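First comes the structure, then the notes that go with it.
It should be emphasised that the depicted structure is a prediction, and the values quoted were computed from it without experimental measurement. Residue numbers run from 1 in the order of the sequence given.
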Amino acid sequence: MGVSSRTPAQFDDVFQTAFADHWTAAGQDLGIVSWENIAFDPKNLEAYVDAQLRHSAGDFVSLGGQYSIQTRRDAVFSAQIFVRHNKGRALSNQLGEVILDFLESIHLTGIRIRQPGLIEAGRVNQWYQVNASAIIEYDSTRTV
């Protein structure tokens, strides 16, 4: 059984920590960010962000040697930004810009961000919604 230099769980930790550091450095409240499978109730908030990191496919990027195999894995990051309807677009624009800045400026070894962007979904019930997303590639090396 081999040992991997970056498992999907380790990637999650690295990415979420980098996101949290960037978010708080931009002066934003980390308490309004919800990651999947963690209890969160936004009913009394004026705005919140529902962030998700989903793993998808992977590919071998080395033919494998006697001692290691390199794999390039794919993940999708998405963040749904919700701001109470009729509160103006300034807050949704501000939160979206922080997320875009993170995606466009992140420098983590072995991680590449592709196709970062925002899509304005508009009004959804009592919320104004903007969606941020990016495709992420990260490498891991398995020692065999």
Measure from the side-chain N and O atoms of [X] to the backbone N and O of [Y], and report whether any donor-acceptor pair falls under 3.5 Å.
X: Asn125; Y: Trp127; value: no
X: Arg84; Y: Leu45; value: yes
X: Gln10; Y: Thr7; value: yes
X: Ser92; Y: Arg89; value: yes
X: Trp23; Y: Asp29; value: yes

Within the structure provided, determine whether [X] and [Y] are in side-chain contact (heavy-atom separation under 4.5 Å).
X: Glu120; Y: Gln129; value: no
X: Leu100; Y: Leu118; value: yes
X: Leu95; Y: Gln28; value: yes
X: Ile81; Y: Ile99; value: yes
X: Gln70; Y: Phe60; value: no
X: Glu46; Y: Leu91; value: yes

Shortest non-hydrogen contact from Ala134 toward Pro116: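 Closest approach of Ala134 to Pro116, heavy atoms only: CB-CA, 4.0 Å.
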
Closest heavy-atom pair and its distance - Arg123, Tyr128: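 Shortest heavy-atom contact: N-CD1, 4.1 Å.
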
Step by step, would you call Glu137 with Arg114 a salt bridge (charged side-chain N to carboxylate O under 4.0 Å, His left out)? CA-CA 8 Å; Glu137 295 177 340; Arg114 296 186 295 119; 3.3 Å; yes

Specify whether Phe77 and Phe19 have parallel, tilted or perpendicular ring planes, treating 30° as the upper limit for parallel and 60° as the lower limit for perpendicular. tilted

Atom [atom1] in [X], atom [atom2] in [Y]: separation rounded to 0.5 Å?
X: Tyr138; Y: Thr71; atom1: OH; atom2: OG1; answer: 9.5 Å
X: Ile135; Y: Leu103; atom1: CD1; atom2: CG; answer: 11.5 Å
X: Thr24; Y: Leu30; atom1: OG1; atom2: CG; answer: 6.5 Å
X: Gln126; Y: Lys43; atom1: CD; atom2: NZ; answer: 12.0 Å
X: Phe11; Y: Ile111; atom1: CZ; atom2: CD1; answer: 5.0 Å
X: Ser78; Y: Leu53; atom1: OG; atom2: CG; answer: 8.5 Å

Side chain to side chain contact (heavy atoms under 4.5 Å, CB included), that's the test. Do Phe15 and Ile113 meet it? Break it down for me. CA-CA 11 Å; Phe15 188 87; Ile113 307 290; 4.2 Å; yes

No-hydrogen, no-angle side-chain donor-acceptor test under 3.5 Å, His22 and Asp101: yes

Does the side chain of Gln80 come under 3.5 Å of the side chain of Tyr48 through a donor N or O and an acceptor N or O?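 No - no donor-acceptor pair under 3.5 Å links their side chains.
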
Given the rule that I, L, V, M, F, W and Y join up when any side-chain heavy atoms are under 4.5 Å apart, are Phe40 and Val124 in one cluster?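 Per the 4.5 Å side-chain linkage, Phe40 and Val124 are not co-clustered.
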
If hydrophobic clusters are built from ILVMFWY residues whose side chains come within less than 4.5 Å, do Val76 and Val33 share one? no

Salt-bridge contact Arg72-Asp59 (side-chain N to carboxylate O under 4.0 Å): no

